[in-house]
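Scroll down for the structure; my scribbles are underneath it.
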Amino acid sequence: MHMTKKSIAAGALLAVAVLTAGCSNSTTTPAASDTSSAPETNATSTLTVWVDAERADALAQAATDYEAQTGIAVDIVARDNSTLKDDFIQQASSGSGPDIAMGAHDWLGELTTNGVIAPLELGDKASDFLPVALDASTYDGIVYELPYAVENLAMLRNADLVAEPAANFDDMIAKGTAAGVEFPFVVEQGENGNPYHLYPFQTAFGAPVFGRDAAGSYDPTQLTLGDGTAFAQWLYGQGSKGANTISTEITGDIAKEKFTTGQAAFWLTGPWNVKAAVDAGINVAVDAIPSPGSEPAQPFAGVKGFFVNQYSDNKVAANDFLVNYLGTVDVQVALFESGGVLPALTAAADAVSSDPIIAGFKAAGMDAVPMPAIPAMGRVWEFWGIAEASIINGADPDATWAQLTADVQSAIDGS
Amino acid sequence: MTDLRSAPTRSTGMGTLVAKITVLGGLDALAVFLGAVLVSRGDYVIAALVVVGAIVLTVIYLSERLLPAKYMAPGLVFLAIFQVFVIGYTVYIAFTNYSTGHILTQDQAVEALLSQSQRRLPDSPSYSVTVVESNSQLGLLVTAPDGTALLGTADSPLRPVDATFQDGQAVAVEGYTSLRFADLLGRQDEVFSLAVPLADDASAGSLRTLDGRTAYQYTSKLSFDPASETLTDTETGEVYVDGGEGAFVGEDGTEILPGWQVNVGLDNFTRAVSEPSIRGPLVYVTAWTIAFAALSVGIIFALGLLMALLFNDPSMRGRTAYRIVMVLPYAFPAFLGAMVWSGMLSQSFGFINQVVLGGASIPWLTDPTLAKISVLMVNLWLGFPYMFLVATGALQAIPGEVREAARVDGTSRWQMLRHIELPLLLISMAPILIATFAFNFNNFNVIYLVTGGGPRDTGAGIPVGQTDILISLVYKVAFTGQNRDYGLASAFSIIIFIVVAAISVISFRRTKTLEEIS
Amino acid sequence: MSALDLTAARLERSGRRRRRKSHGLRHVAALVLSVYALLPLLYIVSASLNPTGTLTGSNRLFRLVGLDSYRRLLASDQFPFLTWFKNSLVIGLTTAVLSVFLGALAAYAFSRMRFRGRRTGLLTIVLVQMFPQLLAVVAIFLLLTRIGELVPAIGLNTQAGLISVYLGAALGVNTYLMYGYFNTVPTEIDEAARVDGAGHMRIFLTIILRLVAPILAVVGLLSFITSMNDFVIASVVLIDPEKQTLAVGLYRMVSNPNYADWSAFAAGAVMASIPVVALFLFLQKYIVGGLTAGSTK
């Protein structure tokens, strides 16, 4: 009985195995030819583009239009902004990564060091972009990013509370205080500080992070952060042991809540928050950032754009889509209309500047400098915010700033 | 039901056997097919694993013995493929230099370096091009700025030709087929890598088109010699050789990145144990990690059990409603809860200080001791629903008769809990408690979301804080700035795993004795 | 006699009084715990009702109340919310049922059979889950890419692939939990059934599984919740929007802090909690119901 069971089983197994082996033989040939032609069909049909979730809608129409023009389908894939870069780096070379990814220009250092993005050629179109956008999209002398939008901070003012723009920081605090609201001015900080939002005030005291080399690239050997002692002293004076105009207790959520409910007169923030303020019924005016020092307050510019995967099979189509399509005025204006951020193309930026809010951000960004994308900048971020937060909370400004500079310098030297 | 039960065992046996053979036959057929495909791709190791796996499964289910294996195999298959693979991959990475700048293969790194070394000549005009083909070799038919037509391929430099013009642009030339843009899409790599020399002298540069429409003059700053596997800087003549550590190295020792992934032996482990930046904080971070994990288990278990007992009494009114409330925190994404808690604990604006404590100014997240308490309280909130559910389930295993008997004996509620329920529960829940300990030992998320490790220890050279646990310290050491050192992080996580596993095994030994006593 | 009766009566009365008193205390304790459990959730509900609000910016909860975010989620084309919802339910329920089944099979073997390596096996499956999941996402991406080249049906960007990944955790600490519970079912029941001529599989399927229903329900609920809330692995495995789960789709709305739409996210989270509560309500009768008591009698 047992023998029979086993032999039946073995026989059946053998039969099935032979059968499928036969099948697999007969199917391998067409399968093999399928795989050889597969890249071709893929190549002619679809470009895969990873974008931030909140931009996916803005690009959907552009994708449809491009397909209508060229027959190349564009698959817009909305990704988590927080994991897009690491996922792209890990997947780009595997063959299953996207052809194009959207990202911020300050990723360029990391992406090129990893060798996952291919250079672009803007050709004669290069000069059509805003200088800051072109500057930001260039890394080590080569353009890697098709710039799409420029974001920078500006000072939002509740025009019902304060009618006129402030001349300088102290004037702003005076005007805000005169308006009789709880907070004359709010800026997003948090326990670990937020140096991005304090950078305009730092530059007002003449202390950028890095100097530039002869070619105009940020130079990691010229750490100019240390010149910021005057800024540190000023920051201490604004902190918990001084005027208390800047507090680590003000998180992004709290700053937004205070301004949108009319409890704050001025709000240093980016274009991403304008909609919330307008929707809440605030009469929003956008001003340049009032300087607390002798120099203009320069915010960082962040340039959003698109990169081509070095290992894409569709690089010709990808370049065509980016340079010859997304880099045109009509498309950039259309993207602006659904996204609301200042276009990187000069003509498109001018075309949309009739909107006073956009014009305000554009004017505030006149002096903006691109956030450094060099790897050394990563070392700065590590220590910068925490040092500023402790100065705001009453740590000795001179010593803390000196410690910050030393920590960053040794981290850069050590790597 | 009764029919089935009274039916002769043999006939169901035959039915089962047929089903078994069908399933196993299908499985083995699939394995043979996959094995064949894998062999044809050259993946011999994986092919062998697939075939051996299928044989093992077949033997298990055809054998008359091996009964336990029959029951465990389905779960073990998934465990082996998905969990064990992750561990194996982490171990593998721990022996490589996988990190920023070292994620590619050597071939890919060369491709990337050459691609990045292409420089457009500063005075290069833009040429509009038509891609042409002859004998399946691609060429570029270009219209020079002066309006004349030039033709070249990868092997023959540009030369003037007589071409057919359309709107001032050369579109066709005799002997070549002009390709439309749509035709290029199937051969994009060919088009992209096509470089047409400007002249016989290669140093004059070449014409390339990235988009199939416009071409520019480029020179390459680097050239690669496949024979010697070296890169040469075409301007300075400097030669870069494989330095053996996954990157090309110049004569003065400077590395150029991107590099590639190589095996580095025990380097990552050596670095992990000798890393100077974590020396200082290591002792107190380890102490806090153990305290955090142990205290978390303690309070989560205490509260979960308390609730389970409270709502297990059938005479308690409204217990279904209470139970739902207790499960609710678990039905929301954990990071959302952690963020809300973080906001509620804010010193000046938080709900706890402002509303509950009537305008107090307690530094919940910025005082070293209070921050530790806050993290524990949030972790308790995130964890108690799980423990409540598990304890509720485990409580059902205590037979009602035991309680009845105890009650008849006049045992008080507390005595019953202390001497009857708790020991029984501990036996079935001890493994859960050990696992919860291990989970919290590596509970990166709660630390990251509530305090980010802060308040910062300003004395340390790395941004480590008072609430950092080992795994968050590892993140801060291995993932600094733009650098992602997966190799180092893997080595660290293996070391941490060994520590946790050792603690757990010792604990399990002790529960074993506990179990045997009862 | 009468003295004894009196004592008994007094005892009973004092017992009743004590019970009533302790019930009052219990409700106080339960209410305090409820506040602790619900307070953060109130912020989430409040945020979901305030379309322009923040998550933690204000302690004035429910200042603005409107269903805009819910409407926006349910009606908009840009979020295939109902598809995500359905995907989450399908993936969550499939994972839960299969996890329970695979786990129970193993727990049965561990509990009822004696074999070499039993203790080590039990220990190993728990230890495996203690390994830090630092590189899990990268490893799973690579694995599913390779699997997908061979068997596209369970490769990258398939829900079956994601479920398979989740089933990798089916054997684990929950198996241990079930094992502990199986041990409390007296082996005499198995033996009686075996005498009646039932095979081991029949005993397992028709007798044991019913007796351990409470723990199966708990484990099922836990694995349902785990897969409902996972976005780390799901966001790497599922690429097409119409294949994604609720957690992946919703998380994207807040992953960029500047553009975080907390209102929509909170509304989505509130709706996503409904199936969890519904499943809990459905399973509750198995968890604490009389099934066990009835069968052991």
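In what follows, chains are A, B, ... by sequence order, proteins preceding strands, each numbered from 1.
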Self-check item: Engaged part of C/L98 at the chain B interface, taking heavy atoms whose separation is under 4.5 Å
Solution: neither
Quiz item: Does B/W381 offer a backbone N or O that forms a donor-acceptor pair with the side chain of C/Y36 under 3.5 Å?
Solution: yes
Quiz item: chain C heavy atoms under 4.5 Å from B/V77: which part of the residue, side chain, backbone, both or neither?
Solution: neither
Quiz prompt | chain C contacts, top residue of B/A501, B/A69, B/S346, B/P74 (heavy-atom pairs, under 4.5 Å) | solution = B/P74
Quiz item: Relative to chain B, which segment of C/L144 carries a heavy atom at a distance below 4.5 Å: side chain, backbone, both, or neither?
Solution: side chain
Exercise. Evaluate the criterion side-chain contact (heavy atoms from CB on, under 4.5 Å) for residue pair C/V137 and C/F141; output intermediate values, then yes/no.
Key: CA-CA 6 Å; C/V137 168; C/F141 169 77; 5.5 Å; no
Exercise. Could you tell me which portion of C/F110 (side chain, backbone, both or neither) has an atom closer than 4.5 angstrom to a non-hydrogen atom of chain B?
Key: side chain
Quiz prompt | Most contacts with chain C, counted as non-hydrogen pairs under 4.5 angstrom, among B/R323, B/M326, B/R41 | solution = B/R323
Quiz item: Closest approach of C/R112 and C/P186, non-hydrogen atoms and distance?
Solution: NH2-O, 3.8 Å
Quiz item: Is there a donor-acceptor contact under 3.5 Å linking the side chains of B/Q396 and B/N312?
Solution: yes
Practice problem: Give the member of C/N174, C/L222, C/L250 that has the highest number of heavy-atom pairs under 4.5 Å with chain B. | Solution: C/L222
Quiz item: Hey, mind stepping through C/H200 and C/Y108 against side-chain hydrogen bond (donor to acceptor under 3.5 Å, both in side chains) and telling me if it holds?
Solution: CA-CA 10 Å; C/H200 55 86; C/Y108 180 62; 5.8 Å; no
Quiz item: Checking heavy atoms, do the side chain of C/V126, its backbone, both or neither come under 4.5 Å from chain B?
Solution: side chain
Exercise. Sort C/L171 into side chain, backbone, both or neither according to what part of it lies under 4.5 angstrom from a heavy atom of chain B.
Key: both
Quiz prompt | From CA spacing to verdict: side-chain contact (heavy atoms from CB on, under 4.5 Å), C/F280, B/L389 | solution = CA-CA 10 Å; C/F280 175 72; B/L389 281 173; 3.6 Å; yes
Quiz item: Considering only heavy atoms, which portion of B/A394 lies under 4.5 Å from any heavy atom of chain C: side chain, backbone, both, or neither?
Solution: backbone
Exercise. Give a yes or no answer on whether the side chain of B/Q83 reaches the backbone of B/F78 with a donor-acceptor pair at less than 3.5 Å.
Key: no
Exercise. Counting only heavy atoms closer than 4.5 Å, note whether C/V173 contacts chain B via side chain, backbone, both or neither.
Key: both
Quiz prompt | Derivation of the side-chain contact (heavy atoms from CB on, under 4.5 Å) call for B/M307 and C/L33 | solution = CA-CA 9 Å; B/M307 288 178 176; C/L33 290 175; 3.5 Å; yes
Quiz item: Is it the side chain or the backbone of C/L167 that comes within 4.5 Å of chain B heavy atoms, both, or neither?
Solution: both
Quiz prompt | Between C/A170, C/A136, C/A30, C/A109, the one whose heavy-atom pairs under 4.5 Å with chain B are most numerous | solution = C/A30
Practice problem: Pick whichever of B/F349, B/F351, B/Y386 has the most heavy-atom pairs under 4.5 Å with chain C. | Solution: B/F351
Quiz item: Can B/Y486 and B/Y89 be said to form a ring pair (Phe, Tyr, Trp, His ring centres under 6.0 Å), step by step?
Solution: CA-CA 11 Å; B/Y486 294 101; B/Y89 182 74; 9.4 Å; no
Quiz item: Can you list the residues that meet the salt bridge (charged side-chain N to carboxylate O under 4.0 Å, His left out) rule with B/R319, with sequence neighbours excluded?
Solution: none
Quiz item: For C/L216, is it the side chain, the backbone, both or neither that has a heavy atom under 4.5 Å from a heavy atom of chain B?
Solution: neither
Quiz item: So which part of C/V254 gets closer than 4.5 Å to some heavy atom of chain B, the side chain, the backbone, both or neither?
Solution: side chain
Exercise. Flag yes if more than 12 heavy atoms outside C/R114 fall under 6.0 Å of its CZ atom; otherwise flag no.
Key: yes
Quiz prompt | Proximal component of C/S273, with respect to chain B [non-hydrogen, under 4.5 Å] | solution = both
Table please: side-chain donor-acceptor pairs of residues 335-343 of chain B below 3.5 Å, with sequence neighbours left out.
none

Quiz item: Non-hydrogen atoms of chain C under 4.5 Å away: do they reach the side chain of B/Y92, the backbone, both or neither?
Solution: neither
Quiz item: Between atom CG of B/L395 and atom CZ of B/F388, what is the distance when rounded to the nearest 0.5 Å?
Solution: 10.0 Å
Quiz item: Based on non-hydrogen pairs under 4.5 Å, which of C/G103, C/S34, C/A106, C/G180 is most in contact with chain B?
Solution: C/S34
Quiz item: Between B/I496, B/L303, B/V500, B/V84, which has the largest tally of heavy atom pairs under 4.5 Å with chain C?
Solution: B/L303
Practice problem: Starting at NZ of C/K285, measure out to OG1 of B/T320 and round the result to the nearest 0.5 Å. | Solution: 11.5 Å
Practice problem: Please state whether the side chain, the backbone, both or neither of C/F231 comes within less than 4.5 Å of a heavy atom of chain B. | Solution: side chain
Quiz item: So which of C/L122, C/V218, C/L134, C/I147 has the largest heavy-atom pair count under 4.5 angstrom toward chain B?
Solution: C/L134
Quiz item: So which of B/T392, B/L67, B/I432, B/T90 has the largest heavy-atom pair count under 4.5 angstrom toward chain C?
Solution: B/L67
Quiz item: Top residue by heavy-atom pair count (under 4.5 Å) with chain C, among B/I87, B/I46, B/N442?
Solution: B/I87
Quiz item: With only heavy atoms counted, which part of C/L123 is less than 4.5 Å from chain B, the side chain, the backbone, both or neither?
Solution: side chain
Quiz item: With a 3.5 Å cut-off and no angle check, do the side chains of C/D230 and C/Y166 form a donor-acceptor pair?
Solution: yes
Quiz item: Which answer fits C/L281, side chain, backbone, both or neither, if we ask what part of it has an atom under 4.5 Å from a heavy atom of chain B?
Solution: side chain
Quiz item: Side chain, backbone, both or neither: which part of C/F224 has a heavy atom under 4.5 Å from chain B?
Solution: neither
